[in-house]
Amino acid sequence: MNHIQTNQPCQSIPRAFPGPFEARAGRDGVDLTFDVVCITTEKTIVSARYWDARDEASSVAEVIVDALNGTIRPRRRRLEAPGPFVPELSETPPSLVDVVCQTTDQFIIGIDYWCSDDAIQIGEWISIALNKHHS
């Protein structure tokens, strides 16, 4: 586990992706995905990849969308992992940074190389949003 701790707030990322967000079905090479997309900029922030686990990938993307949008539902979706969620350096390409559950070390989602300049801050931003969403 290589948890990332920085002293820099991730304020530039929310400005680059002002929201709102939605999950969209997509494809990345041979992988099928559910992409978390900023509707305002039409940019994909992260993608939940799958081959067989379609429902799990869809659920992860929808929870991240709800967390980033600050959506409160009567029965809001939650991840199976209990949290807290933290970013850590990835050991598995194509991800540069993974968001994981600190309690169980369960992988939640990876931030890919294509956004390498902002990968750590995106990982922190998603972790913070998930922690608020699951509190």
Side-chain angles (χ1 to χ4, degrees):
M1 281 191 288
N2 296 318
H3 297 304
I4 299 168
Q5 294 183 345
T6 66
N7 294 327
Q8 300 174 345
C10 54
Q11 296 170 348
S12 63
I13 300 303
R15 285 194 298 265
F17 302 102
F21 304 92
E22 70 179 4
R24 297 180 185 167
R27 179 181 291 274
D28 184 12
V30 298
D31 292 330
L32 296 173
T33 63
F34 283 98
D35 303 327
V36 175
V37 178
C38 175
I39 296 170
T40 303
T41 64
E42 288 296 315
K43 291 184 180 178
T44 298
I45 301 168
V46 293
S47 298
R49 290 177 174 70
Y50 69 95
W51 286 33
D52 296 324
R54 183 183 195 282
D55 292 343
E56 183 179 339
S58 173
S59 180
V60 167
E62 290 291 341
V63 169
I64 290 171
V65 164
D66 284 352
L68 293 175
N69 284 333
T71 304
I72 304 296
R73 301 173 191 251
R75 292 187 192 148
R76 67 179 159 188
R77 297 179 189 113
R78 298 173 72 88
L79 298 172
E80 290 181 20
F85 303 96
V86 295
E88 70 177 31
L89 296 176
S90 178
E91 297 175 3
T92 310
S95 295
L96 186 62
V97 173
D98 294 333
V99 174
V100 299
C101 174
Q102 190 172 20
T103 305
T104 64
D105 205 34
Q106 179 182 346
F107 171 85
I108 306 300
I109 199 154
I111 294 88
D112 292 348
Y113 288 135
W114 59 264
C115 59
S116 61
D117 290 345
D118 298 322
I120 291 173
Q121 289 157 337
I122 290 172
E124 288 178 330
W125 182 42
I126 290 172
S127 296
I128 290 166
L130 287 173
N131 287 329
K132 287 180 183 176
H133 185 73
H134 277 63
S135 61

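Computed from a predicted model, the values in this text were never measured in an experiment.
- Of all non-hydrogen atoms in F17 and F21, the two that sit nearest each other are O-CZ, 3.2 Å.
- The aromatic rings of H134 and F85 stand perpendicular to each other, their planes meeting at an angle above 60°, with 30° marking the opposite boundary.
- Remark: L79 CG to I108 CD1 distance equals 5.0 Å, nearest 0.5 Å.
- In this structure, V65 is a member of the same hydrophobic cluster as V46, with clusters built from ILVMFWY side-chain heavy atoms closer than 4.5 Å.
- Atom OG in S127 sits 9.5 Å away from atom CD in Q102 (nearest 0.5 Å).
- Using a 3.5 Å distance cut-off with no hydrogens or angles, the side chains of T33 and D31 do not pair a donor with an acceptor.
- When all heavy atoms are compared, the tightest approach of L68 to A129 is CD2-CB, 3.8 Å.
- Between F34 and Y50, the ring planes lie parallel to each other; the angle is under 30°, not in the 30° to 60° tilted range.
- Under the salt bridge (Lys or Arg N to Asp or Glu O under 4.0 Å) criterion, E80 pairs with no residue at all, not counting sequence neighbours.
- Within the 4.5 Å cutoff, side-chain heavy atoms of W125 are placed close to those of I45.
- With hydrogens and angles ignored, the 3.5 Å screen pairs no side-chain donor or acceptor of S59 with any backbone N or O of D55.
- The shortest heavy-atom contact between S95 and D112 is OG-OD1, 3.5 Å.
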**Message:** Applying side chain to side chain contact (heavy atoms under 4.5 Å, CB included) to L96 and S90, what does each step give before you reach the verdict?
**Reply:** CA-CA 5 Å; L96 186 62; S90 178; 5.7 Å; no
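- Closest of all the heavy-atom pairs between A48 and I109 is N-CD1, 3.9 Å.
- Nearest approach of V36 to A61, heavy atoms of both residues: CG2-O, 3.9 Å.
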